[in-house]
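Working notes, beginning with the structure itself.
Given the structure is predicted, the values throughout are model-derived calculations rather than measurements. Note that these values count all heavy atoms, side chains included, but never hydrogens, waters or copies made by symmetry. Along the sequence shown, the residues carry numbers beginning at 1.
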Amino acid sequence: MRLRKLLLPLLALPIALGGCGLLGPSTATPGGAASATPIAGDDWIIVATGSATPSPAPSVGGSRSPALPPVSFLPAPPSACAKSWIVRPPLIPLEVVPGVGKLTVTWPRQYESDYRITAVKQPLVSGSQPNYTWQHVAAGTGCTITATISGLKKGTPYIVWLDAPSTGHKLDGTRHPYSGRSGVVYPL
């Protein structure tokens with residue numbers, strides 16, 4: 001009985017060390033595609049040998065080639081307007097110069113619209129507020145539009161309001177810049 005217990009592990013040792021090659025002839029070649037001989041039975045899985053591929057290693061630092069070729073732009077034509085305006089919708093920027101009993105207002109032309117401007121007094125008034133006198137201004141053809149509001153009182157604080165009612169709408173339905181407002185100004 002002892003001999004049988006010793007003999008069984010000794011018979012299993014060559015199979016463990018030799019692998020599946022001891023079970024029968026194989027047509028597998030190292031580094032190539034293997035072909036397996038089918039063995040009768042439904043419980044067997046046939047596996048072909050292959051070679052291991054290295055895992056991708058992330059690159060540290062360095063540069064990669066760009067996805068697209070470099071782009072060069074044609075030179076932009078020089079602007080016909082000497083002054084650059086920063087427009088923050090919906091406000092059109094205004095430049096107001098005080099004069100004797102008047103305010104001269106300049107703004108950039110917007111979308112072929114006509115305009116209207118007014119100077120609103122800033123002292124507090126109790127009760128109903130006075131009506132504003134709007135002055136209509138044509139669209140013009142230049143880069144800027146200038147209009148003068150006259151008949152103002154010296155030393156009285158005013159805020160100039162600008163409205164561009166015909167600026168139109170963008171594709172999403174929002175209006176193009178359509179109004180403007182100055183800070184407090186005092187005619188001379």
Practice item. Could you note down all residue pairs passing salt bridge (charged side-chain N to carboxylate O under 4.0 Å, His left out) where residues 124-136 supplies at least one of them, sequence neighbours left out? Key: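 Pairs touching residues 124-136 that pass the test: none.
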Just distance, no hydrogens or angles: give the donor-acceptor pairs under 3.5 Å from side chains in residues 122-146, sequence neighbours left out.
residue, atom, partner, partner atom, Å
Gln122, NE2, Val120, O, 3.0
Gln129, NE2, Val125, O, 3.0
Gln129, NE2, Gly127, O, 3.3
Gln135, NE2, Thr148, O, 3.2
Thr146, OG1, Thr106, OG1, 3.2

Working to the nearest 0.5 Å, report the span between [atom1] of [X] and [atom2] of [Y].
{"X": "Leu152", "Y": "Lys154", "atom1": "CG", "atom2": "NZ", "result": "14.0 Å"}
{"X": "Thr118", "Y": "Leu103", "atom1": "OG1", "atom2": "CG", "result": "10.5 Å"}
{"X": "Thr156", "Y": "Lys121", "atom1": "OG1", "atom2": "NZ", "result": "6.0 Å"}
{"X": "Leu94", "Y": "Ile159", "atom1": "CG", "atom2": "CD1", "result": "11.0 Å"}

Would you mind reporting whether [Y] and [X] have side-chain heavy atoms less than 4.5 Å apart?
{"X": "Ser179", "Y": "Ile92", "value": "no"}
{"X": "Ile149", "Y": "Tyr158", "value": "no"}
{"X": "Asp163", "Y": "Tyr115", "value": "no"}

Check your understanding: Between Trp107 and Ala147, what is the shortest heavy-atom contact and its length?
Key ->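 Nearest heavy atoms, Trp107 then Ala147: CH2-CB, 4.0 Å.
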Per-pair distances, 0.1 Å, donor-acceptor, side chain in residues 180-188, under 3.5 Å, sequence neighbours excluded:
residue, atom, partner, partner atom, Å
Ser182, OG, Val160, N, 2.9

